[in-house]
Amino acid sequence: LQQNAAREAAAAEATSSMVGENGISQEERERILKMVEDAPVAEGLDLDATSVKKTLLSFERKVLKNREMRVKFPDNPQKFMDSEVDLNDEIQQLHAVAAVPEHYNILLENNSANTLVGLLLHDNSDIALAVVDLLQELTDVEAINDEDENAELLVGSLLDNHCLALLVQN
């Protein structure tokens with residue numbers, strides 16, 4: 001009887017050393033880690049110039065709609081809240097543009113860089129913070145190093161529009 005108990009204890013100990021706290025054996029864990037390490041890394045969306053233009057035009061429409069709703073219903077935030085949520089979502093969509101610095105010139109052609117700088121003064125601090133986050137990504141060192149000319153043009157435009165002063169002010 002004691003031998004059986006000793007065998008069961010040894011088997012339980014061997015099983016617990018093979019299976020971790022989360023119920024996965026060391027072999028399975030190593031296999032999963034290898035699969036994760038070997039998985040391709042998503043580089044983001046490959047946006048072409050047309051896609052960037054469409055994204056920026058949609059962004060400009062959302063900005064105009066938000067301004068219109070704020071002017072129309074200045075004392076009734078419920079009336080313009082949906083347009084602010086839409087605008088915030090659209091700003092988040094612009095993060096995809098940050099992945100393609102070769103198309104930053106389209107930001108300038110559509111005057112979207114100026115619009116972004118203007119949104120730093122938005123009454124809704126969530127919108128202003130979303131723009132700060134986007135500007136940080138657009139002017140990331142890697143983006144500037146990867147595509148010198150367009151990134152320099154964007155940074156120059158931001159500086160010309162007093163972006164730094166507005167960032168410090170807010």
Side-chain angles (χ1 to χ4, degrees), residues 22 24 32-33 35-170:
N22 56 6
I24 299 175
I32 291 169
L33 288 174
M35 286 171 47
V36 170
E37 289 172 1
D38 293 343
V41 178
E43 292 295 325
L45 300 173
D46 287 332
L47 294 177
D48 61 1
T50 304
S51 299
V52 171
K53 286 178 185 177
K54 285 180 183 178
T55 301
L56 292 174
L57 288 174
S58 176
F59 164 69
E60 293 291 341
R61 279 193 297 269
K62 302 290 181 174
V63 170
L64 290 174
K65 177 69 174 176
N66 180 248
R67 285 182 188 153
E68 176 184 299
M69 297 304 286
R70 278 186 158 274
V71 168
K72 196 172 183 179
F73 305 104
D75 298 326
N76 193 350
Q78 293 294 348
K79 298 279 186 176
F80 59 77
M81 190 56 61
D82 287 341
S83 71
E84 301 221 340
V85 170
D86 291 343
L87 176 57
N88 191 49
D89 291 344
E90 201 66 35
I91 292 168
Q92 299 309 317
Q93 293 295 319
L94 289 179
H95 283 271
V97 176
V100 285
E102 61 270 18
H103 296 308
Y104 281 8
N105 60 321
I106 299 170
L107 274 166
L108 302 173
E109 291 168 5
N110 288 346
N111 211 25
S112 296
N114 296 341
T115 304
L116 287 169
V117 172
L119 287 174
L120 290 172
L121 297 172
H122 198 279
D123 290 335
N124 183 336
S125 61
D126 291 334
I127 300 288
L129 287 173
V131 171
V132 169
D133 187 42
L134 176 61
L135 289 173
Q136 180 182 4
E137 191 169 348
L138 288 169
T139 58
D140 185 63
V141 173
E142 287 182 23
I144 292 172
N145 288 338
D146 288 347
E147 188 66 38
D148 292 329
E149 184 178 336
N150 287 330
E152 283 180 20
L153 289 172
L154 176 62
V155 170
S157 174
L158 294 173
L159 292 173
D160 290 344
N161 287 296
H162 311 289
C163 183
L164 288 178
L166 291 174
L167 286 170
V168 170
Q169 179 182 355
N170 292 331

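Note that the structure is a prediction, hence the values are computed from the model and not measured.
Contacts of Thr50 classified as side chain to side chain contact (heavy atoms under 4.5 Å, CB included), with partners at least two apart in sequence or in another chain: Asp48, Lys54. Asp75 is linked by a side chain to side chain contact (heavy atoms under 4.5 Å, CB included) to nothing, counting only residues two or more places apart in sequence or in another chain. Qualifying side chain to side chain contact (heavy atoms under 4.5 Å, CB included) partners for Lys79, counting only residues two or more places apart in sequence or in other chains: Phe73, Asn76.
Separation of atoms CE (Met81) and CG (Asn66) is listed at 9.5 Å; rounding is to 0.5 Å. The distance from the CG atom of Leu129 to the CG atom of Leu120 is 9.5 Å, given to the nearest 0.5 Å. Distance CZ/Arg61 to CG/Leu56: 11.0 Å, rounded to 0.5 Å. Rounding to the nearest 0.5 Å gives a distance of 4.0 Å between CD of Glu84 and CZ of Arg70. For the atom pair CG (Leu119) and CZ (Phe59), the distance works out to 5.0 Å, reported to the nearest 0.5 Å.
The salt bridge (Lys or Arg N to Asp or Glu O under 4.0 Å) pairs that include a residue from residues 103-122 number zero, where partners must be two or more places apart or lie in different chains.
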Show me, pair by pair, the donor-acceptor contacts under 3.5 angstrom made by side chains of residues 86-94, not counting sequence neighbours?
from, atom 1, to, atom 2, distance (Å)
Glu90, OE1, Ser58, OG, 3.2
Glu90, OE2, Ser58, OG, 3.0

Just list the side-chain donor-acceptor pairs under 3.5 Å for residues 110-118, sequence neighbours left out, or say none.
from, atom 1, to, atom 2, distance (Å)
Asn111, OD1, Asn114, ND2, 2.1
Ser112, OG, Glu60, OE2, 3.0
Asn114, OD1, Asn161, ND2, 2.4
Thr115, OG1, Glu60, OE1, 3.1
Thr115, OG1, Glu60, OE2, 3.0
Thr115, OG1, Asn111, O, 3.1

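Nearest heavy atoms, Ala98 versus Glu137: CB-CG, 3.5 Å. Residues Asp133 and His95 share a closest heavy-atom pair of OD2-CE1, 3.4 Å.
A heavy-atom distance below 4.5 Å is found between the side chains of Leu107 and Leu138.
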